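Here is the naming used below: chain letters follow the sequence lines, and residue numbers restart at 1 for every chain. What you see is a predicted model, and the numbers here were worked out from it, not measured in a lab.
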Amino acid sequence: MAGSPDLSVLERPAHEVAPLLLGATLRHGDVALRLTEVEAYAGPLDPGSHAYRGRTPRTEVMFGPAGFLYCYFVYGMHVCANVVTGPDGEAGAVLLRAGEVIDDDAGHPASGPARLCRTLGITLEENGTDLRSGPVTLELADPVPASAVSTGPRVGLRAAADTPWRFWLTGEASVSTYRPAAPRRTRR
DNA sequence: ACGCTGATGCTCT
DNA sequence: GAGCATCAGCGTC
């Protein structure tokens with residue numbers, strides 16, 4: 001039966017896939033969480049995307065087929081994870097920004113993409129792995145009504161700050177408050 | 001309550 | 001060598 005879940009819906013553009021991931025379940029080992037906040041990143045035409053500068057060793061996974069995990073290192077100490085979207089050969093990904101741990105009485109929040117990865121134990125070793133077979137798996141949920149989804153600009157970008165490709169479940173405690181791009185540290 | 005800053009290392013130029 | 005899809009801690013109001 002559900003040996004290999006159908007993730008073909010991920011083959012659509014990232015900004016269409018993103019809201020469909022809200023409410024989905026992401027598992028790694030014994031930890032599972034329900035996604036509450038995501039952001040869409042497109043290909044070389046999106047100035048906010050890692051793929052903006054074209055295909056590089058790091059972004060290789062983003063250009064591959066949908067349904068794989070794209071992990072990257074940022075700010076020296078953090079890992080963030082994306083779900084690759086779009087057809088093979090076109091870059092696209094949805095950044096997983098926040099979730100709520102399930103099978104946990106406290107409903108422990110995992111707020112922020114780096115904290116989400118730390119909660120699930122996702123590292124660079126999981127980069128490029130298949131979300132159908134694991135070790136990290138994605139189980140889609142029934143689409144949530146559009147009225148339950150809020151949108152806004154993506155967090156922490158210096159470019160394309162006007163593109164409202166951040167999606168979250170309205171009122172979720174695990175969703176972080178919006179933070180514009182960090183002003184570049186004044187050099188001296 | 002909110003805003004600014006440093007820490008830390010991988011990635012691309 | 002510069003920049004970064006971040007976070008936590010400290011300062012100020």
Side-chain angles (χ1 to χ4, degrees), chain A residues 10 13-22 24 26 28 33 35-64 66 68-86 90-101 108-129 131 136 138 149-169 172-188:
Chain A
L10 301 182
H15 69 277
E16 293 183 18
V17 172
L20 300 177
L21 294 183
L22 294 174
L26 193 69
H28 186 211
L33 56 78
L35 297 175
T36 57
E37 180 188 9
V38 298
E39 282 177 0
Y41 288 88
L45 296 181
D46 176 7
S49 173
H50 284 172
Y52 183 56
R53 299 218 170 247
R55 199 163 180 154
T56 71
R58 178 176 63 153
T59 59
E60 182 65 24
V61 177
M62 270 187 85
F63 285 82
F68 284 75
L69 197 64
Y70 166 49
C71 306
Y72 65 91
F73 229 100
V74 72
Y75 290 109
M77 54 181 102
H78 300 301
V79 172
C80 299
N82 302 249
V83 171
V84 175
T85 70
E90 286 184 29
V94 176
L95 172 67
L96 309 177
R97 287 201 58 89
E100 190 177 39
V101 177
H108 184 75
S111 306
R115 300 197 76 217
L116 182 151
C117 284
R118 202 178 58 173
T119 298
L120 281 180
I122 292 174
T123 69
L124 286 186
E125 287 195 18
E126 278 72 50
N127 184 42
T129 57
L131 288 165
V136 181
L138 178 69
V149 178
S150 298
T151 65
R154 294 173 291 185
V155 174
L157 292 192
R158 305 178 57 74
D162 53 329
T163 304
W165 278 1
R166 174 177 172 236
F167 303 82
W168 67 94
L169 292 176
E172 274 291 330
S174 56
V175 175
S176 53
T177 53
Y178 173 62
R179 218 184 138 181
R184 197 182 310 172
R185 196 185 343 159
T186 58
R187 300 181 55 252
R188 33 162 292 127

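Under the rule for a side chain to side chain donor-acceptor pair (under 3.5 Å), the partners of A/Thr59 that lie at least two apart in sequence or sit in another chain are A/Thr56. Contacts of A/Glu126 classified as side chain to side chain donor-acceptor pair (under 3.5 Å), with partners at least two apart in sequence or in another chain: A/Thr123. In terms of the salt bridge (Lys or Arg N to Asp or Glu O under 4.0 Å) criterion, A/Arg58 has no residue partners (sequence neighbours excluded). Scanning for side chain to side chain contact (heavy atoms under 4.5 Å, CB included) contacts around A/Pro153 gives A/Tyr178, with sequence neighbours left out. When the ring-ring contact (aromatic ring centres under 6.0 Å, His included) test is applied to A/Tyr72, the partners found at least two apart in sequence or on another chain are A/His50, A/Tyr70. With sequence neighbours excluded, the residues forming a side chain to side chain donor-acceptor pair (under 3.5 Å) with A/Glu16 are A/Arg12, listed by chain and number. In terms of the ring-ring contact (aromatic ring centres under 6.0 Å, His included) criterion, residue partners of A/Trp165 (sequence neighbours excluded) are, by chain and number, A/His15. Here A/Asn127 pairs with nothing under the side chain to side chain donor-acceptor pair (under 3.5 Å) rule; sequence neighbours left out.
The base of B/dA7 does not come close enough to the side chain of A/Tyr75 for any donor and acceptor atom to sit less than 3.5 Å apart.
Comparing A/Ser111 and A/Gly76 against DNA chain C, the residue whose closest nucleotide sits nearer the 5' end is A/Gly76.
Rounded to an integer number of Å, the gap from A/Phe167 CZ to C/dA5 P is 19 Å. Atom-to-atom, CE of A/Met77 to P of C/dT6 comes out at 13 Å; the value is rounded to the nearest Å. Across the protein-nucleic acid pair, A/Trp165 atom CH2 and C/dA5 atom P stand 16 Å apart, rounded to whole Å. Atoms CD (A/Glu37) and P (C/dA5) sit 16 Å apart, rounded to a whole Å. When the P atom of B/dC10 is taken as reference, atom NE2 of A/His78 falls 14 Å away, rounded to whole Å.
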Identify all pairs in which a protein N or O lies below 3.5 Å from an N or O of nucleotides 11-13 of chain B, and state each distance.
unit_1, atom_1, unit_2, atom_2, d
B/dC12, OP1, A/Thr56, OG1, 2.2
B/dC12, OP1, A/Arg58, N, 3.2

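Salt-bridge formation is detected for the pair A/Asp46/A/Arg154: a Lys NZ or Arg NE/NH1/NH2 atom is positioned less than 4.0 Å from an Asp or Glu carboxylate oxygen.
Scanning all heavy atoms of the two residues, the minimum distance from A/Ser174 to A/Ala98 falls at O-CB, 3.4 Å.
Applying the side-chain hydrogen bond (donor to acceptor under 3.5 Å, both in side chains) test to pairs two or more places apart or on separate chains, none has a residue in residues 75-85 of chain A.
Taking a pair as Watson-Crick or G-U wobble with both distances under 3.5 Å, DNA chain B forms stems of 3 or more consecutive pairs at B:1-7 with C:6-12, B:9-12 with C:1-4.
Non-hydrogen atoms lying under 4.0 Å from DNA chain B are contributed by nothing in residues 113-123 of chain A.
Between A/Arg166 and C/dA5, a side-chain N or O to OP1/OP2 separation shorter than 4.0 Å is absent. Taking 4.0 angstrom as the limit, A/His50 places a side-chain polar atom (N or O) nearer than this to OP1 or OP2 of C/dA5.
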